[in-house]
Amino acid sequence: MSAPTAILGAVHLDPKSEVPLYRQLYENVRAAILDGRLLAGLRMPPSRTLAKELAIGRNTVVSAYEQLIAEGYLDSRVGSGTRVAAIPPDTLIETGPSEEREVAPDPRRRLSERGEAMLTVKRASPSFVKGHVLPFQHGMPSLELFPHQVWARLLARRARQPQSRLFDYQLGTGFPALREAIAEYLGAARGVICGPDNVIVTAGAQASLDLATRLVVDPGDTVWHEEPGYLGARGAFLAASARIVPVPVDKEGLNPEAAPGGEKPPRLIYCTPSHQYPLGVTMSLTRRLALLQYANETGAWILEDDYDSEFRYAGRPLSSLQGLDRAGGVIYMGTMAKTLFPAIRIGYLVVPDNLIEAFQRAIRVTGQNPPAIVQAALADFMLEGHFSAHIRRMRSLYAERRILLLQELEKQLGDRIKPSPPDGGMQLPAFLPEGVSDDDVVAAADRHKVLASPVSHFYLTQRKRHALYLGFAGVPEQMIAPGVERLGLALAECGV
């Protein structure tokens, strides 16, 4: 078989495919080389000739050849043309469309024990429908009312400023002006005691959880986790190979006296005191002081997750647990995902003075920094007053949506479901009748284009309560009543 014939026989192009022709040609030739149909030393047709034979543009062939040469499949030398490279026989593999390949798993290649453990963390809700707002996805702020034009202007202004610190690797724990703005905001709004040096800017809440856990928890250490509690935190603790001990939550929050007996004292206590996730209760002052005292007696760290306390509808937002701490045992964390928008990927930690250097070094090692330009724009957004104004607007809006959801649940569903409205937050639990599975209701709701999360998934023990976790902050008013109606259809499917 001649070289042109062999090459033409190996090439099958589809002009209707979304894959560019040069990429199709590259993949065809590469596959033919790897499976031995095109042998080492075979001279490839000139690009002009092959283009004519295939009825495609010469530039298409040139692009494919250049990619194959760059990856070592072809050799191109002046005077000898372009030839198939001498690839060692042991590199030859069978190739074909990816859907036709069946590769037997190699038992030597496996996930780590931590990787396997992370697979046990359940998803909190069905898959989000891309590009659509559906009731009642939790954790989603109102994206349509975010001041996009202001944000775009600030971001563009920073992008036009050729400051080296916005384009190099030297930001470390965060853009200085942003750390100052966060420290000032937390001191005024949350009673957090800190300076800019205590603030560590991270790439979101999950990055904060991961970073804090890496630095204070060793494999096998005990971590207290609220029961029920946040799945993201559970995932971070599993990734650290920690021993997770569920501690029950009652009407006053996490209860240290209810912790299981016979366990080692915790190395870390994770809690959401301002607005417990997912039950929504607020930790009482008595319980806060008791928790701080216990942590001081045992030498445990407390990781306070203050994820959405800006949105409180009965009085002013409560002061933080960190603000009550006088022993330097509380690590405080917050996020901009709930106050602004999830894709901003900016969170922050406030660490005690004796941890500052460790976190400064660790964040450089782990690379959990958000883009510098986004940090700079956020600093401007806060310092120019846009952040506070946006929080005020959203607090009022979310309060209205919360009331509307509660009214519709009462009006349409009556005693079929019992909401437990917290004093704040962006979502609420609604409890189901005894014997009804929240998994079943969530699956039925998904079929009716309603997103809800099963509260039973937030429990580690079998002493579970079945409820739906319903978000309202990101749901436009006109969608709430129809959403509750569709939820009612889902409940009816499940006999409720």
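Hydrogens, waters and symmetry mates are skipped; everything else that's a heavy atom, side chains included, is used. All of these numbers come straight from a predicted model, not from anything done at the bench.
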Which residues pass the ring pair (Phe, Tyr, Trp, His ring centres under 6.0 Å) test with [X], not counting sequence neighbours?
X      : answer
Tyr270 : His225, Phe237
His390 : Phe146
Tyr65  : none
Tyr230 : Tyr277

For [X], enumerate each residue passing the side-chain contact (heavy atoms from CB on, under 4.5 Å) test, keeping only those at least two apart in sequence or located in another chain.
X      : value
Pro20  : Tyr22, Arg23
Asp197 : Arg179, Ile356
Ala239 : Met118

What residues, two or more places apart in sequence or in another chain, satisfy salt bridge (charged side-chain N to carboxylate O under 4.0 Å, His left out) together with Arg83?
none
Tell me which pairs pass side chain to side chain donor-acceptor pair (under 3.5 Å) where either residue lies in residues 479-496, with sequence neighbours left out.
Arg447-Glu493, His448-Glu493
May I have the list of side-chain donor-acceptor pairs in residues 7-16 shorter than 3.5 Å, sequence neighbours left out?
from	atom 1	to	atom 2	distance (Å)
His12	NE2	Gly9	O	3.3
Asp14	OD1	Lys16	N	3.0

For Arg214, which residues count as a side chain to side chain donor-acceptor pair (under 3.5 Å) partner, sequence neighbours excluded?
Asp210
Can you sort out the partners of Glu226 under side chain to side chain donor-acceptor pair (under 3.5 Å), two or more places apart, ordered by chain and number?
Thr272, Gln276
